[in-house]
Amino acid sequence: MAELLEDGDIYFLYRPRVEEEHVDSLEEVQRLLVVLHPWHGRHLRLLVIGRKRLPDIEEHDRFWAFVDEVVDRPEQLHEALRARAYRTRTRGPREQPPARPAAEGAYVIARHDDHTHLAYELELPLRLGEAQHDLNIESEASYIVTVKNPQAPSPPGVGLQGSRKVRLPGALQRRFHDRRFAPLDPPAFLDHPGTELVLIGAAHDASEELHIDLDAEVDRAQRSTVFGDLRIGRRERPVTPLFEGDWA
């Protein structure tokens, strides 16, 4: 039996590459973004998934991720999710389109034996489409999640560097006990930008594996939507991926 540590709303968004107004495939995506909004906490966390898609469950993929931003109010994520203008020396002004919602639902972080899981179940889209398939977003899934010790060395070219590396409070840093990784316990690790994570594909049926009623969690999540909770307008970006599952 798993012990529930945190639950809340989860939103999946993708940001197109610069100058890609219409996305037709994963090749035209720059980043997969995940927003976690706990129901019993004031922070919203914006996570970046390293390979632009979620880990494959069957292959037990191990993907790197990190906490990009932590804010107290949804409006503060507007800057991170809106369109961005660039000026380059060779190509002049360029624009990157805003992040586009691809799925939403409810999540839990749970302690299971000596490790922790991040599991979710979707509310939208009602039927998964090409966008969710390419991003590896399933209707329900569970991932073992560990936190990297920021004081432990990383292989060359891997992980955050310099000022982007997190400096954790002493109480959280001591959780590592000089190990390179620790479970995501407590979830307060996620309240610090620069925290690095490893997600490992674990199970398709999170409810059966963790014995947590994710259907009930989704029923609670129906009070929130990516538009109302994150304060983004439907006119600002395509919504086809969220409701129909198609790329846009």
Side-chain angles (χ1 to χ4, degrees), residues 4-16 29 31-49 54 65-84 97-110 118-129 131-132 135 137-143 145 184 186-193 195 197 199 206 212-246 248:
L4 182 66
L5 300 177
E6 180 179 286
D7 51 8
D9 296 305
I10 187 168
Y11 306 106
F12 298 92
L13 305 97
Y14 63 90
R15 182 178 284 283
V29 172
R31 280 184 164 181
L32 173 61
L33 308 173
V34 178
V35 177
L36 302 179
H37 192 180
W39 290 325
H40 303 287
R42 65 178 186 173
H43 297 314
L44 292 87
R45 300 85 160 235
L46 176 65
L47 279 60
V48 175
I49 309 300
L54 293 176
F66 68 93
V67 180
D68 191 34
E69 292 199 33
V70 179
V71 301
D72 293 331
R73 300 190 308 277
E75 308 87 67
Q76 294 173 294
L77 283 180
H78 180 73
E79 181 70 21
L81 302 178
R82 71 177 181 88
R84 298 173 176 174
R100 298 167 183 182
E104 64 179 50
Y107 79 93
V108 299
I109 296 173
L118 170 64
Y120 70 84
E121 183 172 325
L122 297 185
E123 181 184 3
L124 290 174
L126 298 179
R127 296 182 62 182
L128 302 184
Q132 292 76 35
L135 294 167
I137 301 173
E138 303 194 19
S139 58
E140 179 180 342
S142 174
Y143 307 91
V145 55
L184 183 57
F189 277 112
L190 298 176
D191 292 333
H192 300 276
T195 294
L197 311 166
L199 298 174
I212 292 176
D213 189 352
L214 282 174
D215 289 331
E217 299 287 334
V218 169
D219 289 341
R220 296 178 63 193
Q222 290 178 352
R223 64 185 180 183
S224 300
T225 68
V226 67
F227 303 107
D229 200 7
L230 301 189
R231 309 292 197 272
I232 60 176
R234 295 179 182 230
R235 296 181 180 180
E236 298 175 9
R237 63 206 76 209
V239 298
T240 304
L242 180 63
F243 293 105
E244 299 178 21
D246 297 327

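Scope of the values below: all heavy atoms of this structure, side chains included, with no hydrogens, waters or symmetry mates.
Val48 meets the side chain to side chain contact (heavy atoms under 4.5 Å, CB included) test with Arg31, Leu33, Phe66, Asp68; sequence neighbours excluded. Partners of Thr240 according to the side chain to side chain contact (heavy atoms under 4.5 Å, CB included) rule, which considers only residues two or more places apart in sequence or in another chain, are Glu244, Asp246, Ala248. Partners of Arg235 by salt bridge (charged side-chain N to carboxylate O under 4.0 Å, His left out), not counting sequence neighbours: none found. Looking at residues two or more places apart in sequence or on another chain, you find a ring-ring contact (aromatic ring centres under 6.0 Å, His included) between Tyr120 and Phe12. With sequence neighbours excluded, the residues that form a salt bridge (charged side-chain N to carboxylate O under 4.0 Å, His left out) with Arg45 are Glu6, Asp191. Among residues two or more places apart in sequence or in another chain, the salt bridge (charged side-chain N to carboxylate O under 4.0 Å, His left out) test is passed with Arg73 by Glu75. Tyr143 meets the ring-ring contact (aromatic ring centres under 6.0 Å, His included) test with no other residue; sequence neighbours excluded. Listed by chain and number, the residues in a salt bridge (charged side-chain N to carboxylate O under 4.0 Å, His left out) with Asp229 amount to none (sequence neighbours excluded). Remark: Tyr107 engages no residue in a ring-ring contact (aromatic ring centres under 6.0 Å, His included) (not counting sequence neighbours). When the side chain to side chain contact (heavy atoms under 4.5 Å, CB included) test is applied to Ala83, the partners found at least two apart in sequence or on another chain are Glu95, Pro98. In this structure, the side chain to side chain donor-acceptor pair (under 3.5 Å) partners of His43, at least two apart in sequence or on a different chain, are Asp72. Pro193 is linked by a side chain to side chain contact (heavy atoms under 4.5 Å, CB included) to Val70, counting only residues two or more places apart in sequence or in another chain.
In this structure, the side chain of Arg15 engages the main chain of Pro97 through a donor-acceptor pair within 3.5 Å. Panel note: side chain Glu140, backbone Ala206; a donor-acceptor pair is recorded below 3.5 Å. Of the possible donor and acceptor atoms, one in the side chain of Gln132 sits under 3.5 Å from a partner among the backbone N and O of Ala102. Although no hydrogens or angles enter the test, the distance criterion places a donor-acceptor pair under 3.5 Å between the side chain of Arg237 and the main chain of Ala99.
Put simply, the side chain of Glu79 does not reach to within 4.5 Å of the side chain of Glu69, judged on heavy atoms. Side chains of Leu128 and Ile137 form no contact here, defined as non-hydrogen atoms less than 4.5 Å apart. Looking only at side-chain heavy atoms (C-beta outward), Glu104 and Asp9 stay at 4.5 Å or farther from each other. With a 4.5 Å cut-off on side-chain heavy atoms, Leu197 and Leu190 count as touching. Counting heavy atoms from C-beta on, the side chains of Val226 and Leu124 never come closer than 4.5 Å.
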Please walk me through it: do Phe227 and Leu242 pass side-chain contact (heavy atoms from CB on, under 4.5 Å)? CA-CA 11 Å; Phe227 303 107; Leu242 180 63; 3.6 Å; yes
Would you check, one step at a time, whether the test side-chain contact (heavy atoms from CB on, under 4.5 Å) holds for Glu138 with Leu122? CA-CA 8 Å; Glu138 303 194 19; Leu122 297 185; over 6 Å; no
After noting the C-alpha distance and the side-chain angles of Leu46 and Val71, does the key distance pass the side-chain contact (heavy atoms from CB on, under 4.5 Å) rule? CA-CA 8 Å; Leu46 176 65; Val71 301; over 6 Å; no
Passes side-chain contact (heavy atoms from CB on, under 4.5 Å), Leu118 versus Leu184? Steps please. CA-CA 9 Å; Leu118 170 64; Leu184 183 57; 5.7 Å; no
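Here the straight-line distance linking atom CD1 of Ile212 with atom CD of Glu217 works out to 7.5 Å at 0.5 Å rounding. Separating the CZ atom in Arg231 from the NE2 atom in His78 is a distance of 13.0 Å, to the nearest 0.5 Å.
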